[in-house]
Structures are given as C-alpha cells and as structure tokens.
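Below: one structure, written as structure tokens.
Position 1 is the first residue of the sequence, and the numbers go up from there. Everything quoted here is computed from the prediction, not taken from an experiment. Excluded from the calculations below are hydrogen atoms, water molecules and symmetry mates; all remaining heavy atoms, backbone and side chain alike, are included.
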Amino acid sequence: MFEGMEESGSEGMFEAIQILSTEGRFLSDVDFFCISDNYWLGASKPCLTYGLRGLAYFSCSVQCCEQDLHSGVLGGTVHEAMTDLVHLMASLIDSSGKILVPGIMDDVAEVTPDEDALYETIDFDCESYKKENKVASVSNKLMRENKKDLLMARWRYPTLSLHGIEGAFSGTGAKTVIPAKATGKFSLRLVPDQDPKRIEQCVTDHLNKVFSSLGSPNKMKVTLLHGAKAWLSDPKHPNFEAAARATERVYGLLPDYTREGGSIPITTAFEEATQMNVCLLPVGACDDMAHSQNEKYNKKNLINGVKVLGLYLHELGELKGPKPSKCRCVELTAEELMEPGAFMRGFKCKCYM
C-alpha cells in the first residue's frame, strides 16, 4: 500500500484500512506487515524498530478583539491576546523538559529489568548525536548526558514540545501590531498505556485553570487537532526475526532493536484492524535530516535497502507453521494448560502456510 498524506492527517486512510480488513477484502489474508518510514539510530548500523510513541497535537487560541490593533494607538487599553497566550504556553513545560501538566505521567509504566537490559548493547554515542543534529556548534548540551537516559527520554517517556504561534507577527521588520487572535500549537508524544482522550482532558483542565488565574476577560479555546496511541510490538516475533536475518545477510551484522520517538499512526491501525504483526524496517540513516533543511537519502542506503527488503520477503516465504491471517484457534488459558492432554491440544492447529 502506498499513502502520501501522513503529514496532513491521512484523511480517509484509517477508514479504508477497516473496510479492507473485512472478510474477503484486500487485507483480510495478509499475514505480516512491514513499514519503512523511520530511520536508523546511527549513520552506519541498521536497526529494527519495535515501538513508537503516540501523539496528541493541540491548538490553544486566545482572542481579544475582532481585528488586529495598533499598539501605539491602543496599547495599554485592551487585554492583549498574545500576553495571555504566552502565559499559557509557558505553563505547559519548564526549561529542563519537565511537563508541568498534572496527570500526564500517571499512566507511564515503570522500566522493567528486561527492558533496561535492551539499552546496554545499543550502538549509540551522545557526542555524535549532538553533531548529527547540529547541536554541538550551538549549545553543545543535551538534556541527558548518558546513552541510556537519553534514549529512554527519546523513546519510552512522554514529551511536550511547543511548535509555534499562528496569528502573531513573524515577518522581517518591526510591525507594531496587537494580534486580535493568537493560536499556539503544541504536542505531546505519548507512550504505551496513555490514552489521547485522557491526555486531552488533563491538558484542557490545566489550561482552563491557568487562564482563570490570569483574570483575563478574553476568550480562550483548547482543541485536540489529532491524537494517536503509542505502539509496542514483540521483537522476538517471526516477522522481526525474518527482517533481522535479511539485514544480517546484507550488512554482515545483526541489527539493533530500537524504539522511536516519533509517531506513525498507520502502524497501530494495521495491527488493530487485522490483528497481524507489524515490523518497522528503516532504511534511512539518522543524519538524513527528516523534515528539515537539506534533507537527503544516501545512495548506499537505497541500494542496500532494496536488497534487505527483497531478502526479507524471501525469509518470510521460508517461514513454516500456522498461517497467521487464517488461524482462528483459541489460545489455551493458564488453567486449561494444567489439564491432562492440554499440551498436545495446543499443537493441533491445522491453519498452516
């Protein structure tokens, strides 16, 4: 499937996936999904991605009048929308990256020993990370200075980022305007167990409380523009094992297993609609500068990416056992497994590929 509207919300795509997953339709007999829409952790070592953060993207608007005003003529006589909005935006997060909205961290799971161990072997260097992301020549400082803490902050904890203000003067020069309406844009990256609807309630309650404390007569509105839940898979699934074998044959080494800080909502949509496994198999390098100036794609990554994806399909074809999309066998419960003969009953599935 090819889809080119992710950056504008993928309108209609999720409804199409639901329809195409019904019995007899295009996706109903698909056994494995593979998406190549993210990047390696570094510039030279390939990886497979088994987790993505979700997203809750908000706008917060404050209006003080019907049209823009002149600050020399009316400054000091009206309650300015921009002043209120700056207070609201500043109340969301502090300069150390701590989210100030109550309730956001309530559903974040604790780090397990198994998860903690996965970070030990990942090939990652904080100094290279600063250079690759053009930080070294400016501040030369990250919010976390060791590999494990930095990757956890990037992958498995929620974050809040302020993106911009619509309606404000942002051009060159020195225009002395009082905006009639200013709209701040910000988003939270969510982790497993966080629900965008609950996050919406937490953010709305917080901003309403802060706005009330300002004593402003202006009008304020908070809107959740779009939300998506986080995604977490099993890196030991046969789909990932096939991708790992293909990667090893091309690059001569096993890939790292990573999570990603970004969001790819279609991943969860495929998995929920079909109940089949999704593997993220990135082919781009970390320094491709996605969504930024001078975005690029290495020829070497393109050529090797074609090889990996071809071998991945070959490795899937070599898999034996129950055909996932056709198997409707009910897994035995812990109690049923204790009954005599249960062990053999668990191997009676005939839905083989």
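Residues His206 and Leu92 form a side-chain contact, since some pair of their non-hydrogen atoms from C-beta on lies under 4.5 Å apart. Residues Asp234 and Tyr50 are not in side-chain contact: their nearest non-hydrogen atoms beyond the backbone lie 4.5 Å or more apart. Within the 4.5 Å cutoff, side-chain heavy atoms of Leu41 are placed close to those of Trp155. Counting heavy atoms from C-beta outward, Tyr157 and Met152 have side chains that approach closer than 4.5 Å. For the pair Ile35/Thr267, a side-chain contact is recorded, criterion being any heavy-atom separation below 4.5 Å from C-beta on. Side-chain contact between Asn208 and Met220: present, with at least one pair of heavy atoms (C-beta onward) separated by less than 4.5 Å. Side-chain contact between Met82 and Ile165 is present, with heavy atoms from C-beta onward closer than 4.5 Å. A heavy-atom distance below 4.5 Å is not found between the side chains of Leu20 and Ile17.
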Derivation and outcome, ring-ring contact (aromatic ring centres under 6.0 Å, His included), residues Phe211 and His87: CA-CA 8 Å; Phe211 187 69; His87 277 289; over 10 Å; no
Side chain to side chain contact (heavy atoms under 4.5 Å, CB included), that's the test. Do Met289 and Asn294 meet it? Break it down for me. CA-CA 7 Å; Met289 302 306 294; Asn294 299 317; 5.9 Å; no
Before giving the answer on salt bridge (Lys or Arg N to Asp or Glu O under 4.0 Å), spell out for Asp125 and Lys147 the whole-Å C-alpha distance, their side-chain angles and the decisive distance to 0.1 Å. CA-CA 7 Å; Asp125 178 68; Lys147 176 182 77 172; over 6 Å; no
Does the side chain to side chain contact (heavy atoms under 4.5 Å, CB included) test come out yes or no for Met276 and Phe270, once each step is laid out? CA-CA 8 Å; Met276 298 296 107; Phe270 277 137; over 6 Å; no
Verdict with reasoning, Lys221 to Cys60, per side chain to side chain contact (heavy atoms under 4.5 Å, CB included): CA-CA 6 Å; Lys221 182 180 180 181; Cys60 177; over 6 Å; no
Could you go through Val283 and Tyr39, starting from their C-alpha distance and side-chain angles, then the distance that decides it, and tell me whether this counts as side chain to side chain contact (heavy atoms under 4.5 Å, CB included)? CA-CA 6 Å; Val283 293; Tyr39 301 86; over 6 Å; no
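Taking hydrophobic clusters as Ile, Leu, Val, Met, Phe, Trp and Tyr residues chained together by side-chain heavy-atom distances below 4.5 Å, Ile19 does not share a cluster with Leu27. Hydrophobic clustering, with ILVMFWY side chains joined whenever heavy atoms are under 4.5 angstrom apart, keeps Val203 apart from Tyr57. Cluster membership check: Leu313 does not share its hydrophobic cluster with Ile303, using side-chain heavy-atom separations under 4.5 Å among Ile, Leu, Val, Met, Phe, Trp and Tyr. The cluster map of Ile, Leu, Val, Met, Phe, Trp and Tyr, joined by side-chain heavy atoms under 4.5 Å apart, puts Leu232 and Leu52 in the same cluster. Under a hydrophobic-cluster definition in which Ile, Leu, Val, Met, Phe, Trp and Tyr are linked whenever side-chain heavy atoms come within less than 4.5 Å, directly or via other members, Phe14 and Leu225 are assigned to different clusters.
Judged by distance alone, with hydrogens and angles left aside, the side-chain atoms of Asp288 form a donor-acceptor pair with the main-chain N or O of Ala285 at under 3.5 Å. The backbone N or O of Val210 sits less than 3.5 Å from a side-chain atom of Ser213, completing a donor-acceptor pair. Side chain of Lys307 to backbone of Val250: no donor-acceptor contact under 3.5 angstrom is found. A donor-acceptor pair is defined here as one N or O able to donate and one able to accept, closer than 3.5 Å; no such pair exists between the side chain of Thr183 and the backbone of Ser61.
Between the side chains of Thr274 and Ser21, not a single donor N or O lies within less than 3.5 Å of an accepting N or O. When only modelled atom types and interatomic distance are considered, Lys296 and Asn298 share a side-chain donor-acceptor pair under 3.5 Å. Between the side chains of Thr49 and Arg259, no donor N or O sits under 3.5 Å from an acceptor N or O.
Atoms CD and CH2, on Glu272 and Trp231 in that order, are 12.5 Å from each other to the nearest 0.5 Å. A distance of 6.5 Å separates CG in Leu160 from CZ in Phe186, rounded to the nearest 0.5 Å. Distance check, rounded to the nearest 0.5 Å: CG of Asn304 to CG of Leu311 gives 10.5 Å. Atom CD of Gln194 is separated from atom CG of Leu55 by 11.5 Å, given to the nearest 0.5 angstrom. The CG atom of Leu214 sits 10.0 Å away from atom OG1 of Thr83, with the distance rounded to the nearest 0.5 Å. Going from atom CG of Asp287 over to atom CG of Asn133 covers 9.0 Å, rounded to the nearest 0.5 Å.
Contacts classified as salt bridge (charged side-chain N to carboxylate O under 4.0 Å, His left out) and involving residues 159-175 (residues at least two apart or in different chains) are given here: Glu166-Lys185. Applying the salt bridge (charged side-chain N to carboxylate O under 4.0 Å, His left out) rule to pairs touching residues 247-256 yields Lys45-Asp256, Arg249-Glu315, sequence neighbours excluded. Among residue pairs with one or both ends in residues 65-86, none qualify as salt bridge (charged side-chain N to carboxylate O under 4.0 Å, His left out); sequence neighbours excluded.
Classified by interplanar angle (parallel below 30°, tilted 30° to 60°, perpendicular above 60°), the ring pair Phe32/His237 is perpendicular.
With sequence neighbours left out, the ring pair (Phe, Tyr, Trp, His ring centres under 6.0 Å) criterion links Tyr129 to Phe124. Residues passing the ring pair (Phe, Tyr, Trp, His ring centres under 6.0 Å) test with Tyr312, sequence neighbours excluded: none.
At most 12 heavy atoms of other shown residues, nucleotides or ligands fall within 6.0 angstrom of atom CD in Gln67. Residue-environment remark: CZ (Phe26) stays at or below the threshold of 12 foreign heavy atoms within 6.0 Å. Atom NE2 of His163 is surrounded by more than 12 heavy atoms from other residues, nucleotides or ligands within 6.0 Å.
Closest non-hydrogen pair, Phe169 versus Thr172, comes out as CZ-O, 3.4 Å. Between Val135 and Lys141 the shortest heavy-atom distance is CG1-O, 3.8 Å. The nearest pair of heavy atoms linking Ala230 to Thr268 is O-OG1, 4.0 Å. In terms of heavy-atom proximity, Leu150 sits nearest to Cys126 at CD2-SG, 4.0 Å. Here the closest non-hydrogen pair linking Glu132 and Cys286 is OE1-SG, 3.1 Å. Residue Pro46 comes nearest to Thr247 through the heavy atom pair CG-CG2, 3.5 Å, listed as atom of the first residue, atom of the second, then distance.
A salt bridge (Lys or Arg N to Asp or Glu O under 4.0 Å) with Glu260 is found for one member of Arg154, Arg156, Arg53 and no other, namely Arg154.
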Can you give me every donor-acceptor pair (side chain of residues 98-113, partner residue at least two apart or in another chain, under 3.5 Å) with its distance?
from   : atom 1 : to     : atom 2 : distance (Å)
Asp106 : OD2    : Arg198 : NH2    : 3.4
Thr112 : OG1    : Glu115 : N      : 3.1

